[in-house]
Amino acid sequence: MTTPDQHASVRYIVDDVQAAIDFYTTHLGFTLNTSAASAFADVVRGPLRLLLSGPASSGARATPDDATDAGRNRIHLTVDDLDAEIDRLRSRGLSFRSDVIAGPGGRQILLSDPAGNLVELFQPAHRPDAP
């Protein structure tokens with residue numbers, strides 16, 4: 001069991017570890033923690049540690065053959081201004097996998113990393129009673 005001061009980790013299987021490092025550190029504010037590219041790296045943003053496992057990594061090799069495609073799961077990154085983030089990322093040549101979707105909790109859009117793993121950018125709805 002982890003202690004509260006440790007990161008929550010999510011593993012993404014990627015086909016190019018360096019491309020994934022560049023994507024997350026350049027565009028989404030992650031910091032490189034460790035790199036054993038081309039097999040593995042991990043990047044950190046706040047309490048999230050994202051494990052980037054290339055084809056040669058033990059994490060990727062442990063994945064069953066019938067689970068090789070990226071799933072519908074995604075990491076969820078909260079942003080202050082969704083429209084500004086969309087404009088910033090589009091100006092850097094990134095494209096999105098969805099349109100902006102609005103609901104009672106806020107607005108969101110999906111993009112994918114170079115391997116096709118989904119990333120959700122989310123702006124919470126303004127709540128008049130919030131501090």
Side-chain angles (χ1 to χ4, degrees):
M1 188 63 81
T2 61
T3 61
D5 62 332
Q6 292 181 320
H7 293 101
S9 297
V10 173
R11 183 181 311 277
Y12 269 175
I13 307 301
V14 300
D15 49 2
D16 184 332
V17 172
Q18 189 59 56
I21 292 168
D22 294 343
F23 175 83
Y24 287 100
T25 59
T26 300
H27 301 298
L28 298 178
F30 283 79
T31 302
L32 180 63
N33 190 43
T34 39
S35 177
S38 66
F40 171 84
D42 66 324
V43 293
V44 175
R45 177 179 161 166
L48 174 61
R49 177 176 172 237
L50 187 56
L51 311 173
L52 304 170
S53 295
S57 71
S58 59
R61 290 192 320 263
T63 304
D65 289 338
D66 64 349
T68 56
D69 292 333
R72 292 178 54 148
N73 297 315
R74 57 199 180 235
I75 61 171
H76 172 101
L77 303 177
T78 301
V79 300
D80 293 326
D81 185 339
L82 185 61
D83 295 321
E85 282 298 306
I86 292 168
D87 290 344
R88 183 182 70 81
L89 295 170
R90 279 195 175 130
S91 74
R92 293 182 174 188
L94 299 181
S95 58
F96 291 86
R97 296 285 310 270
S98 72
D99 293 325
V100 173
I101 304 295
R107 299 168 59 231
Q108 64 184 322
I109 194 166
L110 298 177
L111 70 149
S112 57
D113 73 8
N117 296 300
L118 294 175
V119 176
E120 177 183 325
L121 302 179
F122 177 79
Q123 180 181 346
H126 174 69
R127 301 187 190 255
D129 59 339

Tell me whether the rings of Tyr12 and Tyr24 are parallel (<30°), tilted (30 to 60°) or perpendicular (>60°). tilted

Got a second to check how far Leu111's CG is from Arg74's CZ, nearest 0.5 Å? 11.0 Å

Rounded at 0.5 Å granularity, tell me how far CG in Asn33 sits from OG1 in Thr31. 9.0 Å

Spacing of OG belonging to Ser112 relative to CG belonging to Leu94, to within rounding of 0.5 Å: 9.0 Å

Measure the shortest side-chain to side-chain distance between Asp87 and Glu85 over non-hydrogen atoms and say whether it is less than 4.5 angstrom. no

Looking at Asp81, I want to see if its CG is surrounded by more than 12 non-hydrogen atoms of other residues, nucleotides or ligands under 6.0 Å. yes

Tell me whether Arg88 contacts the main-chain N or O of His27 through its side chain, where contact means a donor paired with an acceptor under 3.5 Å. yes

Is it possible for you to say whether Val79 and Val44 belong to one hydrophobic cluster, with membership spreading through side-chain heavy-atom contacts below 4.5 Å? no

Using a 4.5 Å cut-off on heavy atoms from C-beta on, say whether the side chain of Val119 contacts that of Leu110. no

Kindly determine whether Phe40 and Leu51 satisfy side-chain contact (heavy atoms from CB on, under 4.5 Å), including the steps that lead there. CA-CA 7 Å; Phe40 171 84; Leu51 311 173; 3.9 Å; yes

So do the side chains of Val100 and Gln108 get within less than 4.5 Å of each other, counting heavy atoms only? no

Step by step, would you call Asp113 with Leu118 a side-chain contact (heavy atoms from CB on, under 4.5 Å)? CA-CA 7 Å; Asp113 73 8; Leu118 294 175; over 6 Å; no

So if you build clusters from Ile, Leu, Val, Met, Phe, Trp, Tyr with side-chain heavy-atom gaps below 4.5 Å, do Leu121 and Ile101 land together? no

How far apart are the closest heavy atoms of Ala37 and Gln18, and which atoms are they? CB-OE1, 4.2 Å

Interatomic spacing from NE2 in His7 to CG in Leu50 - rounded to 0.5 Å: 11.5 Å

Determine whether Phe96 and Phe122 fall in the same hydrophobic cluster, where Ile, Leu, Val, Met, Phe, Trp and Tyr are linked whenever their side-chain heavy atoms lie under 4.5 Å apart. no

Do the side chain of Gln123 and the main chain of Arg107 share a donor and acceptor less than 3.5 angstrom apart? no

Give, for atom OG1 of Thr78 and atom CD of Glu120, the distance between the pair rounded to the nearest 0.5 Å. 8.5 Å

Minimum heavy-atom separation for Ala39 and Ala56, please, with both atom names. CB-CB, 4.2 Å

What closest approach, in Å, do Ser35 and Ile21 show between heavy atoms, and which atom pair accounts for it? OG-CD1, 3.8 Å

Evaluate side-chain contact (heavy atoms from CB on, under 4.5 Å) for Phe30 paired with Asp42, printing each intermediate quantity in order. CA-CA 10 Å; Phe30 283 79; Asp42 66 324; over 6 Å; no

Applying side-chain contact (heavy atoms from CB on, under 4.5 Å) to Leu82 and Ile86, what does each step give before you reach the verdict? CA-CA 6 Å; Leu82 185 61; Ile86 292 168; 3.9 Å; yes

Which heavy-atom pair separates Arg45 from Gly29 by the least distance, and what is that distance? CG-O, 4.1 Å

Arg92 versus Thr26: any side-chain heavy-atom pair under 4.5 Å? yes

Between Asn117 and Ile13, is there a donor-acceptor pair closer than 3.5 Å when you use the side chain of the first and the backbone of the second? yes

Smallest separation among heavy atoms of Pro104 and Ala125, with atom names: O-CB, 3.6 Å

Are Phe23 and Leu77 connected, step by step, through hydrophobic side chains (Ile, Leu, Val, Met, Phe, Trp, Tyr) whose heavy atoms are closer than 4.5 Å? yes

Heavy-atom closest contact (Val17 atom, Ser53 atom, distance): CG2-C, 4.4 Å

Ignoring hydrogens and geometry, is there a side-chain-to-backbone donor-acceptor pair from Ser98 to Ile109 under 3.5 Å? no

